[in-house]
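One structure below.
Computation of the quantities below employed the complete heavy-atom set of this structure, encompassing side-chain atoms and omitting hydrogens, waters and symmetry-equivalent molecules. Counting begins at 1 with the first residue of the sequence.
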Amino acid sequence: MGKSATGDTISAHVRKTVIAEIQARAEALSWKKGSFAARILEDWFDRGAPAVTPADQAMQDLKTLRAAGTPQQQKPKKTA
């Protein structure tokens with residue numbers, strides 16, 4: 001596989017039962033298991049990269065709160 005300016009390669013240790021399912025689904029589509037696994041990750045990202053564990057959700061919630069700023073940092077809303 002050649003290098004890509006828009007992608008990168010990752011390696012992950014996954015349970016054999018998960019790999020078996022990926023392999024079976026990939027074979028049914030005449031895909032390689034790595035291509036099917038990559039599509040799973042692309043789909044996760046396309047759906048907004050939802051949290052996959054409670055700890056991940058907590059970190060995403062913290063990120064959202066930090067982005068919103070503290071009440072002192074927020075601009076006051078104009079009233080009519």
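Between the NZ atom of Lys16 and the CD atom of Gln23 there is a distance of 14.0 Å, given to the nearest 0.5 Å. The NZ atom of Lys33 sits 15.5 Å away from the CZ atom of Arg25 when rounded to the nearest 0.5 Å.
Here the closest non-hydrogen pair linking Ala26 and Phe36 is CB-CB, 3.7 Å.
Few gaps surround CZ on Arg47; more than 12 heavy atoms of other groups in view lie less than 6.0 Å from it.
Contact annotation: the side chain of Asp43 approaches that of Arg39 to within less than 4.5 Å [non-hydrogen atoms, C-beta and beyond]. Between Ile22 and Val14 the shortest side-chain heavy-atom distance does not fall below 4.5 Å.
Cluster membership for Val18 and Trp31, using ILVMFWY side-chain heavy atoms within less than 4.5 angstrom, is shared.
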